Number of protein chains: 2
Amino acid sequence: MKIKISDVAKAAGVSAATVSKVFNPQGSDNIKISDKTKQHVLAVAEKLNYMPNYGAKLLRSGKSYTIGFATENDRSFDCFVSEYTREIINGVGAAAYKDNYNVLLINGKDYLEYCENSRMDGLVIVGYYRDRDSQEKERLAGYKAMSDKNFPFVLINGIYEDKDYSAVSVDNESGMKQILEMIVRRGYRKIGFLGELGDNLQRHHIQREKFLREGLAQLGLPVNESYFIHGPSTERKAVPPSGNYSHIYGFLGMKEVHEKGMDIDCLVCGGDEIAMGALKYANEHKISVPGQIAVTGFDDIPQSEFLNPSITTVKQPLRDMGAMAFEIIMEKIRHGGGSVKRKVSPVLMERQSA
Amino acid sequence: MKIKISDVAKAAGVSAATVSKVFNPQGSDNIKISDKTKQHVLAVAEKLNYMPNYGAKLLRSGKSYTIGFATENDRSFDCFVSEYTREIINGVGAAAYKDNYNVLLINGKDYLEYCENSRMDGLVIVGYYRDRDSQEKERLAGYKAMSDKNFPFVLINGIYEDKDYSAVSVDNESGMKQILEMIVRRGYRKIGFLGELGDNLQRHHIQREKFLREGLAQLGLPVNESYFIHGPSTERKAVPPSGNYSHIYGFLGMKEVHEKGMDIDCLVCGGDEIAMGALKYANEHKISVPGQIAVTGFDDIPQSEFLNPSITTVKQPLRDMGAMAFEIIMEKIRHGGGSVKRKVSPVLMERQSA
DNA sequence: CTGAAAGCGCTTACAG
DNA sequence: CTGAAAGCGCTTACAG
């Protein structure tokens with residue numbers, strides 16, 4: 001029924017080994033097939049519509065030409081594609097396509113098995129972690145197992161920057177510096193920060209707040225602690241997360257700014273979704289943005305550009321980061337070598353909100 | 001190095017065949033392994049950390065436990081994950097996970113090969129087609145080839161409803177009926193339609209316009225042709241698409257409504273992105289929505305709920321549609337059978353814009 | 001209930 | 001430059 005390599009060999013009057021070599025010129029032997037034989041085999045294979053069996057190739061060569069893709073959150077690995085991860089997948093996918101690799105979405109507990117059983121040749125892990133992380137021990141054990149086996153994997157926006165694992169991460173410090181440069185240029189002086197209001201904060205938000213604080217100090221601008229709204233406080237209880245969105249933090253944070261009459265001229269938000277929530281409160285209460293208070297985001301989610309006012313933010317080059325992760329894996333597959341770390345600068349997008 | 005089935009067999013004092021049967025209870029033989037042997041083999045395998053080789057299983061059994069996922073646009077198959085497709089992937093992925101299947105992102109020209117060479121056991125295709133489709137012949141040849149091989153595939157929001165291919169599609173007629181019901185209930189009487197302004201329209205938008213027209217006629221409401229803004233006209237040249245977004249159509253369409261002073265009290269848009277563009281124009285020109293003119297969308301993209309005003313629209317249950325597609329494929333893999341067609345009703349989301 | 005043997009379709013040293 | 005032979009690690013009739 002299905003044409004196999006021996007059918008092609010017979011029809012072409014050559015051996016299966018020769019057909020194999022025609023189809024895999026980069027094999028161990030170095031290319032030593034005459035051009036005439038090669039063209040002939042190719043023509044016969046074409047005519048018979050020969051397609052090499054994937055399972056047989058995989059069994060024999062151990063190469064799957066497949067890269068796994070997993071999202072990792074506080075609870076587990078999963079194959080859920082979020083707004084962020086879809087753009088990263090597009091970056092990984094486009095890069096992989098060029099090298100004839102495919103992308104396999106990896107579910108929960110399977111990833112350690114898949115890196116052993118030849119299901120994939122490498123793994124991209126996108127992680128958004130919080131400060132307290134109940135799965136940390138298992139996570140680290142998994143990474144260590146892969147690392148010990150010398151299995152190529154890359155963490156995108158992960159943490160564990162101290163560990164010797166390949167990683168591609170957004171540079172929160174650079175992003176915050178760019179926001180600060182804009183702040184200075186536009187003459188804002190009274191700066192506030194608005195992050196998550198829960199009791200287990202995203203590590204990226206914690207970092208961003210820290211870099212803002214440090215940057216302000218360096219610039220000699222005042223740091224008013226009571227204008228840094230982040231996590232629970234003596235007056236404010238922890239706000240539980242609501243669904244998949246963190247708009248609620250922005251909404252409630254802006255409410256606090258408003259009701260307490262905080263004297264802020266630019267409110268720096270930990271992420272675009274928080275900025276969106278802040279804008280929603282401002283809209284509803286006729287607070288003019290940026291007239292009365294400017295608002296900045298971080299990340300540049302797709303809707304930021306279409307809101308009214310559109311959000312001034314820094315853009316994470318998610319596709320590029322995905323492509324980089326793939327390149328790091330390919331480099332390791334091809335030439336081995338140790339771990340590679342990449343920091344990617346986000347790009348300031350000056351729009352209407354600040 | 002890696003533990004294989006013979007290692008487990010030896011350590012457990014049984015044959016490889018027995019180990020295989022323990023791991024594949026649903027094999028042809030029917031389960032005839034004693035409980036004692038089974039437990040023992042399982043314990044030994046666990047201790048040795050045995051993981052069956054994927055390539056070997058695939059070569060022998062021909063089952064990949066993998067479902068391909070492809071997006072198809074006017075130009076080609078690709079693995080680009082859009083805002084829509086990500087939610088469909090999430091539906092396919094969650095359903096697949098339950099049955100221990102994985103999702104493989106399929107690139108361009110590979111899909112016909114992959115359905116032959118055991119790379120995947122089924123394929124989900126998400127298609128957004130336009131009226132004139134330069135790739136139609138190749139597309140149909142591909143579908144026919146898969147169909148002839150009896151290879152399971154499902155078209156999501158495809159076209160070709162007349163052909164005997166499995167399909168899951170949103171019910172545009174039901175969606176438009178729900179919008180009309182809302183229109184009548186709220187007392188809107190002067191209805192306009194705003195679709196794409198290009199010269200090669202999405203088939204879904206064409207359908208939606210048709211169902212609106214028919215529904216208005218049935219309700220005895222006036223159909224003012226000059227308020228149906230769709231495609232080029234004698235006065236209006238075709239507007240080329242701009243990037244990945246169709247907001248521009250909504251913006252320009254609302255401009256036309258405004259500048260010509262069209263007497264419309266509810267503007268039905270062909271999709272949420274178009275509605276977004278219309279709202280943007282209205283915002284910029286201080287046209288009150290829904291006070292002066294109501295606006296409705298179609299699809300329910302994620303940002304629709306967060307705009308100001310939020311968009312009244314009908315929601316496509318994209319995750320459910322993905323899950324259905326997977327179920328149809330599984331049914332075919334397990335029990336064979338012919339093609340299955342499913343129409344899915346969208347759900348009215350009444351928000352602020354109408 | 002269990003095992004011996006064949007074979008899935010390739011690739012890869014090796015020999016010539 | 002080409003081919004014969006072995007073998008990757010499983011599963012599957014078949015025999016017992």
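Because the structure is a prediction, the values reported are computed rather than measured. A, B, ... follow the sequence lines: proteins, then strands. Residue 1 opens every chain.
- Using a distance-only test at 3.5 Å, with no hydrogens or angles considered, no donor-acceptor pair links the side chain of A:Thr85 to the main chain of A:Ile88.
- Rounded to an integer number of Å, the gap from B:Lys38 NZ to C:dT2 C1' is 16 Å.
- The separation between A:Lys2 atom NZ and C:dC10 atom C1' is 15 Å, rounded to whole Å.
- Distance B:Arg119 CZ to C:dC10 C1': 15 Å, rounded to the nearest Å.
- The separation between A:Asp7 atom CG and C:dC8 atom P is 11 Å, rounded to whole Å.
- Taking the nucleotide of DNA chain C with the nearest heavy atom to each of A:Val19 and B:Thr37, the more 5' of the two is matched to B:Thr37.
- Within the 4.0 angstrom heavy-atom criterion, no nucleotide atom of any strand lies near B:Phe23.
- If you measure from atom CD1 of A:Ile5 to atom C1' of D:dA6, you get 15 Å, rounded to the nearest angstrom.
- Rounded to whole Å, the distance from NE2 on B:His40 to C1' on C:dC1 is 16 Å.
- A salt bridge (Lys or Arg N to Asp or Glu O under 4.0 Å) check over residues 333-344 of chain B, counting only residues at least two apart or in different chains, returns the pairs B:Asp99-B:Arg334, B:Glu161-B:Lys343.
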Checklist entry - Dot-bracket, DNA chain D: Watson-Crick or G-U, under 3.5 angstrom, [ ] crossing, | other strand? => result |||.||||||||.|||
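- Judged as a side-chain hydrogen bond (donor to acceptor under 3.5 Å, both in side chains), and not counting sequence neighbours, A:Ser166 has no contacts.
- Nearest nucleotide to the A:Lys4 side chain, out of C:dT11, C:dT2, C:dG9: C:dG9.
- Residue B:Tyr54 is classed as having no contact, given no heavy-atom separation below 4.0 Å to the nucleic acid.
- Of the residues in residues 56-67 of chain A, those with a non-hydrogen atom less than 4.0 angstrom from any atom of DNA chain C are A:Ala56, A:Lys57, A:Leu59, A:Arg60.
- To the nearest angstrom, C1' of C:dG9 lies 12 Å from CG of B:Asn117.
- Residues satisfying the side-chain hydrogen bond (donor to acceptor under 3.5 Å, both in side chains) criterion with A:Ser169, sequence neighbours excluded, are absent altogether.
- Nearest to the side-chain atoms of B:Asn53 among the listed nucleotides D:dG3, C:dC10, D:dG9 stands D:dG9.
- In summary, B:Glu116 and A:Lys2 do not engage in a salt bridge, as defined by a charged side-chain N under 4.0 Å from a carboxylate O.
- One atom, CG of B:Asn24, and another, C1' of D:dA13, lie 15 Å apart when rounded to the nearest Å.
- Proximity of A:Thr18 to the phosphate of D:dG3: a side-chain N or O atom is located under 4.0 Å from OP1 or OP2.
- Looking only at side-chain heavy atoms (C-beta outward), B:Phe69 and B:Val126 come within less than 4.5 Å of each other.
- Applying the ring-ring contact (aromatic ring centres under 6.0 Å, His included) rule to B:Tyr165 yields the partners B:Tyr143, B:Phe153; only residues at least two apart in sequence or on another chain are considered.
- Looking at every heavy atom in both residues, B:Tyr54 comes nearest to B:Thr66 through OH-OG1, 3.4 Å.
- A donor-acceptor contact shorter than 3.5 Å is absent between the side chain of A:Arg203 and the backbone of A:Tyr129.
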